[in-house]
K.L.:
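One structure, pasted below without further comment.
When reading the values below, keep in mind they use all heavy atoms of this one structure, side chains included, and skip hydrogens, waters and symmetry mates. These numbers come from a predicted model, not from an experiment. Proteins come first, then strands; the chains are lettered A, B, ... in the order of their sequence lines, and each starts at number 1.
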Amino acid sequence: MSARFDERRRLSLNEKPAGLGPVLYVMAREQRIEDNWALIAAAAAAKERSVELLILFPLAPMFNHGQGRHNYWMVDSLKEVAETALGYQIPFYIEYGNWVDSIPDFVLKHHVGEVVFDFNPLEPVRAWRENVAKKISVKASVVDARNIVPSFFVSNKCEFSAATFRPKIHKWLKEFLVPFPRLQTVLPAVGSKRQPAIDWDRVSSYRATVPDEALEKNWRAGHKAGMKQVDKFIRETLPNYDTLRNDPTKDGVSNLSPYLRWGNISAAKVAMLVEKADAPKAHKDSFLEELIVRRELSDNYCFYTKDHTKLAAAHPWAQKTLAEHKNDEREYLYTYKEFAAGRTHDPLWNAAQKQMLKEGKMHGYMRMYWAKKILEWTPDPQTAIDIALRLNDSYELDGRDSNGVVGVMWSIAGVHDRAWTERPIFGKIRYMNYNGCKRKFAVKEYEERYGGNIDHKLF
DNA sequence: ATCGGCTCGCGCAA
DNA sequence: TGCGCGAAGCCGAT
């Protein structure tokens with residue numbers, strides 16, 4: 001059971017030797033102690049050399065359109081992490097400022113001998129990580145604790161579509177979807193530090209954001225809340241998942257994406273629980289396709305694509321067809337602020353926008369319609385991408401991550417998709433419209449549920 | 001209600 | 001080089 005850490009989950013970040021001091025896990029994307037391969041790798045190294053294991057959360061100033069709701073989620077997640085770390089007697093620290101200063105300072109101050117990061121394909125975190133590895137004088141590596149089959153292992157290029165990525169995932173799933181070993185740590189040696197005190201008020205206020213009280217009442221962040229939602233999903237929703245998941249008026253989705261986004265829960269753990277759940281196979285397969293293939297495809301896209309939010313990253317056929325239609329007349333044009341406030345002519349679009357504002361999460365099916373309409377109602381495709389991503393990253397609890405990037409790029413720029421019948425503005429990009437939604441679900445019910453007034457402090 | 005056509009390129013078989 | 005195949009779309013024909 002306590003299988004050796006699989007080195008294929010790790011990428012080396014420098015050629016420097018490990019020092020004599022403690023092993024440091026730099027927690028960033030994976031805000032959990034449980035089921036975390038990066039922490040397990042760091043713990044194994046510490047045990048092997050009989051040195052202490054430390055965890056550091058390097059709190060940088062807010063970036064990428066983060067709002068109060070994101071700050072709330074992070075702070076609550078970290079409080080739970082600190083408490084759990086205490087139970088394992090692993091010192092958990094928070095340092096403030098830019099990574100390239102705060103982490104090397106910490107390494108020197110605590111005589112750290114080796115650093116392990118968790119994987120994130122996105123800028124700016126990726127560059128921060130690499131710059132820290134260059135600056136410090138000890139061994140540094142990154143472990144993919146997010147994807148079941150490590151992103152840098154499963155494929156060495158940007159995949160064309162889910163169809164090319166899927167067989168690669170399935171080929172390796174058996175080897176990588178394995179139970180997590182128990183976290184083994186070396187008990188703190190005589191004279192070592194006790195659990196550091198954390199000033200939570202300072203943590204909360206470090207990223208200057210406006211509190212988002214309405215939303216904070218509706219969600220509970222962290223590992224325990226996430227696993228509770230996993231249990232609820234498997235019992236109540238999974239048995240009908242494939243039938244109900246695309247109906248935005250039904251509660252047929254997992255509601256796990258914020259927990260996965262913040263690393264509160266491990267997708268591998270969820271996958272193993274779903275595999276052994278007592279639900280029809282077709283529904284389990286449908287969910288596992290979303291959880292594993294589609295989700296991990298997003299990291300593949302972001303990791304191997306430079307400037308992944310630019311139109312230039314799209315397939316050649318998509319760039320060509322959008323260019324051919326760039327001068328097509330737009331019947332409606334809206335600004336960022338009009339979109340943000342949910343003030344378009346389309347009650348269905350406005351309802352989707354307001355669902356995101358109010359609940360921090362737009363239904364997955366509506367996200368496609370929503371993004372495609374932004375393409376239709378803005379002057380050019382790059383503006384559409386920029387607006388859609390900014391809205392996504394500001395208001396989705398699962399925003400500011402690779403899945404949101406790919407969702408927007410799929411909808412607007414045909415990433416991972418194929419060409420369809422040509423029409424104005426969209427060219428050969430897959431089209432969606434109001435009539436299609438009417439065929440699929442009770443549009444009016446959705447509009448009435450979410451279409452009301454909205455607290456305008458939110459936008 | 002159901003079905004086929006739309007359109008493109010990957011990746012495998014030859 | 002040829003060809004099967006994808007697959008959260010729309011739409012018109014049956």
K.L.:
Would you say the ring centroid of A:Y434 lies under 6.0 angstrom from that of A:W349?
P.N.:
no
K.L.:
Tell me if the aromatic rings of A:Y395 and A:H65 count as close, with their centers under 6.0 Å from one another.
P.N.:
no
K.L.:
Do A:N264 and A:W73 have side-chain N/O donor and acceptor atoms under 3.5 Å apart?
P.N.:
yes
K.L.:
Quick one: A:F426 CZ to C:dC11 P, roughly how many Å, whole number?
P.N.:
11 Å
K.L.:
Over 60° means perpendicular and under 30° means parallel, so tell me whether A:F339 and A:W377 are parallel, tilted or perpendicular.
P.N.:
parallel
K.L.:
Rounding to an integer number of angstrom, what distance separates B:dT2 and C:dA7 when you compare their P atoms?
P.N.:
22 Å
K.L.:
In terms of side-chain geometry, is the basic nitrogen of A:E445 or A:R449 positioned less than 4.0 Å from the acidic oxygen of its partner?
P.N.:
yes
K.L.:
Taking atom P in both C:dG9 and B:dC10, what distance in whole Å separates the two?
P.N.:
24 Å
K.L.:
If the P atom of C:dC5 is compared with that of B:dA14, how far apart are they to the nearest Å?
P.N.:
14 Å
K.L.:
Is a salt bridge present between A:K168 and A:E159, judged by a nitrogen-to-oxygen distance below 4.0 Å?
P.N.:
yes
K.L.:
So which of residues 344-375 of chain A are in contact with DNA chain B, with a heavy-atom cut-off of under 4.0 Å?
P.N.:
none
K.L.:
Is there a donor in the side chain of A:Y25 and an acceptor in the side chain of A:N36, or the other way round, less than 3.5 Å apart?
P.N.:
yes
K.L.:
For B:dA1 and C:dA8, measure between their P atoms and round to the nearest Å.
P.N.:
22 Å
K.L.:
Say you pick atom P in B:dG9 and the same atom in C:dC10; how far apart are they, in whole Å?
P.N.:
23 Å
K.L.:
Below 4.0 angstrom, which residues in residues 431-440 of chain A have at least one non-hydrogen atom near DNA chain C?
P.N.:
A:Y431, A:M432, A:N433, A:G436, A:R439, A:K440
K.L.:
State, without any angle test, whether A:T344 and A:N350 hold a side-chain donor-acceptor pair at a distance under 3.5 Å.
P.N.:
yes
K.L.:
Can you give me the dot-bracket string for DNA chain B, 5' to 3', counting Watson-Crick and G-U wobble pairs with both distances under 3.5 Å, using [ ] for crossing pairs and | for partners on another strand?
P.N.:
||||||.||||||.
K.L.:
Could you tell me if A:R418 sits above the aromatic ring of A:W420, with its cationic atom closer than 6.0 Å to the ring centre and no more than 45 degrees from the axis?
P.N.:
yes
K.L.:
Do A:T243 and A:N240 meet the criterion of a side-chain donor-acceptor pair at a distance under 3.5 Å?
P.N.:
no
K.L.:
Any chance the side chains of A:S257 and A:D398 put a donor and an acceptor closer than 3.5 Å?
P.N.:
yes
K.L.:
Cation-pi check for A:F117 against A:R126: NZ or CZ below 6.0 Å from the six-membered ring centre and within 45 degrees of the axis, yes or no?
P.N.:
no
K.L.:
Check A:D251 with A:K232, please: is the shortest side-chain N to carboxylate O separation under 4.0 Å?
P.N.:
no
K.L.:
Less than 3.5 Å apart, any donor N or O on the side chain of A:E296 or A:N300 sitting next to an acceptor on the other?
P.N.:
no
K.L.:
First and last nucleotide of DNA chain B in contact with chain A, 5' to 3', at under 4.0 Å to a heavy atom: what are they?
P.N.:
B:dC6 to B:dG11
K.L.:
For nucleotides 2-7 of chain C, tabulate all protein N/O to nucleotide N/O atom pairs closer than 3.5 Å, reporting atom names and distance.
P.N.:
residue	atom	partner	partner atom	Å
C:dA7	OP2	A:R166	NH1	3.0
C:dA7	N1	A:R418	NH1	2.9
C:dA7	N3	A:R418	NH1	3.0

K.L.:
May I have the list of side-chain donor-acceptor pairs in residues 272-281 of chain A shorter than 3.5 Å, sequence neighbours left out?
P.N.:
residue	atom	partner	partner atom	Å
A:K281	NZ	A:D285	OD2	2.7

K.L.:
Any chance CZ of A:R220 has more than 12 other-residue heavy atoms, nucleotides or ligands included, within less than 6.0 Å?
P.N.:
no
